[in-house]
Visitor: 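Here it is: the structure, laid out below.
Predicted model, so just to flag it, every value in this text is computed and none were measured.
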Amino acid sequence: MSTDIVQIDIYSDVVCPWCYVGKRRLERALSQLKGTITAQVVWKPFQLNPTMPKEGMDRTDYLEAKFGSLDAFHRIEGPVIDAGSTEQIAFAFDRIAITPNTFLAHRLIWYAAQQNCQDAVVDSLFKGYFEEGANIGSATTLVQLAERAGLNAASFLRSEDGTAEVKAEEATGHRLGIRAVPYFVLNHAYGISGAQPADRFVAALQKIASQQPTSPTNQR
């Protein structure tokens, strides 16, 4: 049986709840296409708060500054929680004490790609932040979350490795005109913005696959 291979670059930030939802919806789509399409998923950095202090910011102060008040935030979190519930994500926003600077987390995600465990690390970071309230701006916390995904990242996070690469990848996203995440780029050509329903991903992946010439590289 032939299997089409589709490259999926996902521009995302690990403090974006819709990115977590989008991950789950894409996974459902790929599960439906199992045996016909194989996805090569690569997570790309996109900081929603690039000027955030390295130590992060008190969550309440951040929400009040961004949304005007906690009440305003609570009014918009309902749809996110509902979408999460549908995707078996137990959002626990009340557990989050710090809104972090995510650059270090993006460096870890870059490193995880080099170690062939990027998706597992991304999943651990999302779960740690949104379901457990982990401070993913802390190197100590990132080491622990990476270990849950089977990655020893302690020495890496003490280095500056990946800094230039992450900055370059983020710049590429901005050059593509990406202004909001999640943003999915299929085969470097077809863009999908937002945490779309699984059937939208299925249709897009099937369309992309149908346009690819059959070759030895996509035969199993």
Side-chain angles (χ1 to χ4, degrees), residues 8-33 39 41 43-52 56-102 105-106 109 119-137 145 170 173-174 176-186 190-207:
I8 306 176
D9 294 328
I10 307 175
Y11 286 85
S12 164
D13 200 357
V14 279
V15 293
C16 166
W18 286 110
C19 291
Y20 196 5
V21 172
K23 183 179 192 296
R24 289 285 183 265
R25 290 177 174 174
L26 176 64
E27 288 168 348
R28 283 203 290 118
L30 293 174
S31 178
Q32 293 177 37
L33 295 169
V41 176
W43 290 86
K44 301 288 189 178
F46 191 100
Q47 294 180 91
L48 291 175
N49 304 301
T51 61
M52 178 68 66
M57 185 176 181
D58 177 84
R59 176 73 168 173
T60 299
D61 292 344
Y62 169 77
L63 292 176
E64 288 178 342
K66 180 166 184 166
F67 298 103
S69 69
L70 287 179
D71 287 342
F73 170 71
H74 292 321
R75 284 194 294 272
I76 66 171
E77 72 176 343
V80 181
I81 292 173
D82 291 343
S85 179
T86 301
E87 303 301 333
Q88 287 74 56
I89 299 171
F91 282 115
F93 294 114
D94 58 328
R95 294 185 180 180
I96 302 172
I98 299 291
T99 297
N101 180 303
T102 59
H106 285 300
I109 292 168
D119 199 72
V121 168
V122 170
D123 208 60
S124 182
L125 295 183
F126 275 139
K127 182 177 178 62
Y129 182 66
F130 284 114
E131 299 186 46
E132 301 165 1
N135 178 8
I136 57 172
L145 293 174
E170 188 165 23
H174 288 292
L176 290 174
I178 297 171
R179 296 292 178 265
V181 289
Y183 194 92
F184 305 79
V185 181
L186 280 55
Y190 186 91
I192 299 176
S193 179
Q196 299 295 330
D199 58 358
R200 168 76 190 280
F201 286 117
V202 168
L205 288 163
Q206 289 175 328
K207 179 178 179 180

Visitor: Ring centres of Y129 and Y20 under 6.0 Å apart?
Guide: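 No.
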Visitor: Mind checking whether L205 and L30 have side chains closer than 4.5 Å, heavy atoms only?
Guide: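 Yes; the side chains approach each other to less than 4.5 Å.
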Visitor: Decide yes or no for E132 and K127: does some side-chain heavy atom of the first lie under 4.5 Å from some side-chain heavy atom of the second?
Guide: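 They are in contact (side-chain heavy atoms under 4.5 Å apart), so the answer is yes.
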Visitor: Specify the closest pair of heavy atoms between T60 and D58, including all atoms of both residues, with the distance to one decimal.
Guide: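 That closest heavy-atom pairing would be N-OD2, 3.1 Å.
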Visitor: Any ion pair linking E87 and R28 (charged N to carboxylate O, less than 4.0 Å)?
Guide: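 Between E87 and R28 there is a salt bridge, with a charged N closer than 4.0 Å to a carboxylate O.
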Visitor: Between Y11 and F46, is the ring centroid distance below 6.0 Å?
Guide: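 Ring-ring flag for Y11/F46: false, centres at least 6.0 Å apart.
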Visitor: Indicate yes or no: at least one non-hydrogen side-chain atom of F91 is less than 4.5 angstrom from one of E77.
Guide: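 Answer no - side chains too far apart.
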Visitor: Start with the C-alpha distance between F184 and F201, add both sets of side-chain angles, then the distance that settles ring pair (Phe, Tyr, Trp, His ring centres under 6.0 Å), and finish with yes or no.
Guide: CA-CA 10 Å; F184 305 79; F201 286 117; 4.8 Å; yes
Visitor: Give me the ring orientation class for F126 and W43: parallel if the planes are under 30° apart, tilted from 30 to 60°, perpendicular past 60°.
Guide: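 Taking W43 first and then F126, their aromatic rings stand perpendicular (interplane angle over 60°).
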Visitor: So do L26 and I10 actually touch side chain to side chain, heavy atoms under 4.5 Å?
Guide: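 When only atoms from C-beta onward are counted, L26 and I10 do touch, with a gap below 4.5 Å.
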Visitor: Which atom names give the shortest non-hydrogen contact between S69 and A72, and what distance separates them?
Guide: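 Scanning both residues completely, I find the closest heavy atoms to be OG-N, 3.1 Å.
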Visitor: Answer whether the closest heavy-atom distance between the side chains of D13 and H106 falls below 4.5 Å.
Guide: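 Yes, their side chains come closer than 4.5 Å.
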Visitor: Is any side-chain heavy atom of P45 closer than 4.5 Å to one of I109?
Guide: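 A side-chain contact under 4.5 Å is absent here.
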Visitor: Under 4.5 Å between any side-chain heavy atoms of I136 and V15, yes or no?
Guide: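 Of all side-chain heavy-atom pairs linking V15 with I136, at least one is under 4.5 Å.
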